[in-house]
Chemist: 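Handing you a structure now.
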Amino acid sequence: MRDFQAMTDFTIEELQLAARNHGLPLEALRYPITPVGLHFVLTHYDIPAVAPQDWRLQLGGRVARELTLSLEDLRARPSIRRPVTLECAGNGRARLSPRPLSQPWLEEAVGTAEWGGTPLRSLLEEAGIGESAVDVLFTGLDRGLEEGVEQQYERSLPLEEALRDDVLLAYEMNGEPLPPQHGFPLRLLVPGWYGMTSVKWLQRITVLDQPFDGFQQRDRYRLRQEEDEAGPPVTRIQPRALMSPPGIPDFLSRMRTLDLVPTVLEGRAWSGWAPIAGVEVSTDGGGSWQPAELGGQAATWSWTSWRYPWEPEAPGTYELACRARDEAGNEQPVEPPWNLGGYSNNAVQRVTVVVRST
Ligand SMILES: Nc1nc2c(c(=O)[nH]1)N[C@H]1C(S)=C(S)[C@@H](COP(=O)(O)O)O[C@H]1N2
Ligand SMILES: [Mo]
């Protein structure tokens with residue numbers, strides 16, 4: 001027998017977005033570097049068509065010399081590669097009540113790829129940053145409407161962040177040219193910041209003498225309780241630990257079944273503010289917490305693995321949970337932090353498992 005649902009709890013608009021923008025299947029937390037096709041994808045509009053031989057990056061605004069670069073020009077510059085954990089600021093949104101209508105992520109909007117490219121800083125220095133410069137705007141090729149406002153996807157970074165050594169103009173993901181959905185031929189990659197900052201399909205970089213005030217900066221990615229307040233901007237990634245759900249899933253409900261044998265709970269944890277200081281695991285729904293072993297981070301803004309050996313005492317239903325804290329003192333909350341846009345909900349993950357006797 002199949003189950004039927006008369007009342008649509010989630011809307012067709014949310015389903016449309018969810019079918020385009022996929023998450024990391026949580027069992028893929030087992031890979032330290034996420035295979036390209038398993039990394040989450042979030043694209044506001046359509047993936048733009050790009051002819052690589054005609055594509056150019058323009059760098060202008062408050063600079064001494066404007067630059068125009070081809071993909072070959074960028075590839076000929078000094079290159080670096082590093083593993084970076086990227087997470088969507090909307091991760092956790094579907095767990096909020098009431099739920100803001102947008103991409104309905106549960107907790108799977110994350111991935112860690114090895115991004116390769118050329119440092120942004122040396123390109124900005126080559127162009128000669130003007131004395132009045134305060135902000136750097138990154139404009140993508142993709143175009144669409146939000147609440148009737150037609151726009152190019154574009155966002156800025158304060159100049160001091162744009163000049164950080166680890167900010168990349170990336171043309172490679174896991175050693176291959178960027179695939180179309182991740183920003184071919186070139187994207188920005190800002191380690192530590194939520195994903196909206198890492199503009200894909202870059203076409204233009206503009207150095208500004210005042211902070212950029214466009215839609216994705218002013219109307220979106222702000223922590224607001226009320227429509228008419230400005231709200232602080234969403235910036236860096238809040239700490240989160242996720243568990244690879246143990247055992248086997250029920251197809252429809254995803255409820256887990258586990259045998260009554262010693263097992264190891266495993267997952268990853270990350271923060272965009274500071275290295276991970278600790279991960280704790282609960283097997284009684286958050287009543288008590290035990291420290292997990294950390295595997296260590298491959299790079300500053302890359303996730304760490306964690307593991308926790310567990311011997312369930314008796315058959316029954318258990319609520320597993322995990323939580324991370326970072327060295328800056330940020331901790332995951334038990335209750336979802338609500339805001340109008342549904343951003344940065346890093347409340348602890350809970351996984352219900354049924355342990356059966358063997
Ligand atoms: N040009 C452009 N860049 C973009 C977006 C977009 O819609 N257009 N989405 C942003 C958001 S909200 C996120 S979370 C990340 C997702 O990157 P990924 O799809 O490579 O995982 O890209 C960011 N860069
Ligand atoms: Mo996002």
Side-chain angles (χ1 to χ4, degrees), residues 17-18 20-25 28 33-50 55 57 83-94 100 102-117 137-146 149-157 167-174 176-205 212 214-217 219-222 233-238 240 270 272 303 341-346:
L17 289 173
R20 289 182 54 83
N21 297 312
H22 68 78
L24 174 88
I33 297 295
T34 310
V36 169
L38 299 179
H39 192 284
F40 90 96
V41 173
L42 192 294
T43 297
H44 284 70
Y45 316 132
D46 290 350
I47 297 169
V50 185
W55 176 90
L57 176 70
V84 175
T85 299
L86 200 63
E87 182 179 14
C88 180
N91 205 10
R93 178 182 288 126
S102 183
Q103 168 69 28
W105 297 120
L106 295 164
E107 42 269 317
E108 62 295 272
V110 67
T112 298
E114 192 160 54
W115 299 95
L137 176 63
F138 301 88
T139 305
L141 285 161
D142 49 331
R143 203 169 169 74
L145 286 98
E146 299 208 36
V149 184
E150 191 171 330
Q151 57 193 283
Q152 219 76 43
Y153 185 89
E154 54 184 358
R155 276 187 53 93
S156 76
L157 259 184
V167 174
L168 268 191
L169 295 173
Y171 46 73
E172 277 179 6
M173 185 180 186
N174 297 359
E176 301 286 338
L178 294 183
Q181 70 273 26
H182 290 293
F184 179 84
L186 189 77
R187 78 176 304 169
L188 181 67
L189 216 271
V190 185
W193 283 55
Y194 278 117
M196 72 287 168
T197 317
S198 293
V199 177
K200 303 193 274 191
W201 311 293
L202 266 185
Q203 61 162 322
R204 201 166 54 243
I205 300 174
F212 176 63
F215 186 89
Q216 304 295 346
Q217 209 94 14
D219 294 81
R220 291 290 183 268
Y221 302 107
R222 297 239 164 211
V234 176
T235 59
R236 290 175 173 274
I237 300 175
Q238 297 292 345
R240 189 194 295 275
W270 62 93
W303 58 22
Y343 299 120
S344 72
N345 170 14
N346 65 334

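Indexing begins at 1, ligand by ligand and atom by atom, following the structure's order.
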Chemist: Could you tell me whether Arg187 and ligand 1 have an N or O pair separated by under 3.5 Å?
Modeler: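 Yes, Arg187 has an N/O under 3.5 Å of an N/O on ligand 1.
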
Chemist: Is there a side-chain contact between Val199 and Thr139, using heavy atoms and a 4.5 Å cut-off?
Modeler: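 A side-chain contact is absent here, since even the closest heavy-atom pair is not under 4.5 Å.
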
Chemist: Can a donor-acceptor pair be found between the side chains of Glu146 and Tyr45 at a distance below 3.5 Å?
Modeler: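 Short answer, yes.
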
Chemist: Suppose I only count heavy atoms of His39 and a 4.0 Å limit; which atoms of ligand 1 are within that range?
Modeler: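 In order of numbering, the contacting atoms are 21 (O).
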
Chemist: Taking the side chain as C-beta and beyond, is there a heavy-atom pair between Arg187 and Phe138 under 4.5 Å?
Modeler: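 Side chain of Arg187 against side chain of Phe138, heavy atoms only: no contact under 4.5 Å found.
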
Chemist: Measure the shortest side-chain to side-chain distance between Trp270 and Thr112 over non-hydrogen atoms and say whether it is less than 4.5 angstrom.
Modeler: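 With C-beta onward as the side chain, the pair stays apart.
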
Chemist: Between Leu189 and Ala170, which heavy-atom pair has the shortest distance, and what is it?
Modeler: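 Closest pair (atom of Leu189, atom of Ala170, distance): CB-CB, 4.5 Å.
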
Chemist: Do NZ/NE/NH1/NH2 and the carboxylate oxygens of Arg240 and Glu87 come within less than 4.0 Å?
Modeler: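 Looking at Glu87 together with Arg240, the answer is yes, because their closest N to O distance falls below 4.0 Å.
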
Chemist: For Thr43, is at least one N or O under 3.5 Å away from an N or O on ligand 1?
Modeler: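 No, Thr43 has no N/O under 3.5 Å of an N/O on ligand 1.
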
Chemist: Return the residue, atom name and 0.1 Å-rounded distance of the protein heavy atom closest to atom 11 (C) of ligand 1.
Modeler: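 Sorting protein heavy atoms by distance from atom 11 (C) of ligand 1 puts Met196 CA, 3.6 Å first.
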
Chemist: Side-chain contact test, heavy atoms from C-beta onward, threshold under 4.5 Å: evaluate it for Lys200 versus Thr43 and give yes or no.
Modeler: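 They are in side-chain contact.
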
Chemist: Please identify which atoms of ligand 1 are closer than 4.0 Å to at least one heavy atom of Val199.
Modeler: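 Numbered from 1, ligand 1 contributes 1 (N), 3 (N), 24 (N).
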
Chemist: Is there any N or O on Leu42 that sits under 3.5 Å from an N or O of ligand 1?
Modeler: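 N/O-N/O distance under 3.5 Å: yes.
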
Chemist: Short N/O distance, under 3.5 Å, between Glu87 and ligand 1?
Modeler: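 In this structure, Glu87 places no N or O atom under 3.5 Å from an N or O of ligand 1.
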
Chemist: Where does the angle between the aromatic ring planes of Tyr153 and His44 fall among parallel (under 30°), tilted (30 to 60°) and perpendicular (over 60°)?
Modeler: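 Aromatic pair Tyr153/His44 classed tilted.
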
Chemist: Atom 19 (O) of ligand 1: which protein heavy atom is closest, and how many Å away?
Modeler: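 Result for atom 19 (O) of ligand 1: Lys200 NZ, 2.6 Å.
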
Chemist: For atom 18 (P) of ligand 1, which protein heavy atom lies nearest, and how many Å away is it?
Modeler: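 Protein heavy atom at minimum distance: His182 ND1, 3.5 Å.
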
Chemist: Do Ser156 and Gln217 pair up side chain to side chain, a donor and an acceptor below 3.5 Å, judged on atom types alone?
Modeler: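 Side chains of Ser156 and Gln217: pair found under 3.5 Å.
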
Chemist: Which heavy atom of the protein is the closest neighbour of atom 21 (O) of ligand 1, given with residue, atom name and distance?
Modeler: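 Going atom by atom, the protein heavy atom closest to atom 21 (O) of ligand 1 ends up being Phe40 O, 2.8 Å.
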
Chemist: Could you check whether any side-chain heavy atom of Tyr221 comes within less than 4.5 Å of a side-chain heavy atom of Thr197, counting everything from C-beta outward?
Modeler: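 Heavy-atom side-chain distance check fails, nothing below 4.5 Å.
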
Chemist: Do me a favour and list the nearest non-hydrogen protein atom to atom 15 (C) of ligand 1 with residue, atom name and distance?
Modeler: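 Heavy-atom neighbour on the protein nearest atom 15 (C) of ligand 1: Gly195 O, 3.4 Å.
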
Chemist: Tell me, which protein residue and heavy-atom name are nearest atom 1 (N) of ligand 1, and how many Å apart are they?
Modeler: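 That would be Asp142 OD1, 2.8 Å.
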
Chemist: Decide whether an N or O pair under 3.5 Å exists between Ser198 and ligand 1.
Modeler: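 N/O-N/O distance below 3.5 Å exists for this pair.
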
Chemist: Give the atoms of ligand 1, by number and element, whose distance to some non-hydrogen atom of Cys88 is under 4.0 Å.
Modeler: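 Going through ligand 1 atom by atom, the ones under 4.0 Å from Cys88 are 14 (S).
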
Chemist: Counting heavy atoms only, which part of Tyr221 comes closer than 4.0 Å to ligand 1: side chain, backbone, both or neither?
Modeler: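 Looking at Tyr221 and ligand 1, just side chain atoms fall under 4.0 Å.
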
Chemist: So between Tyr194, Tyr153, Phe138, whose heavy atom ends up nearest atom 2 (C) of ligand 1?
Modeler: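 Shortest heavy-atom distance from atom 2 (C) of ligand 1: Tyr153.
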
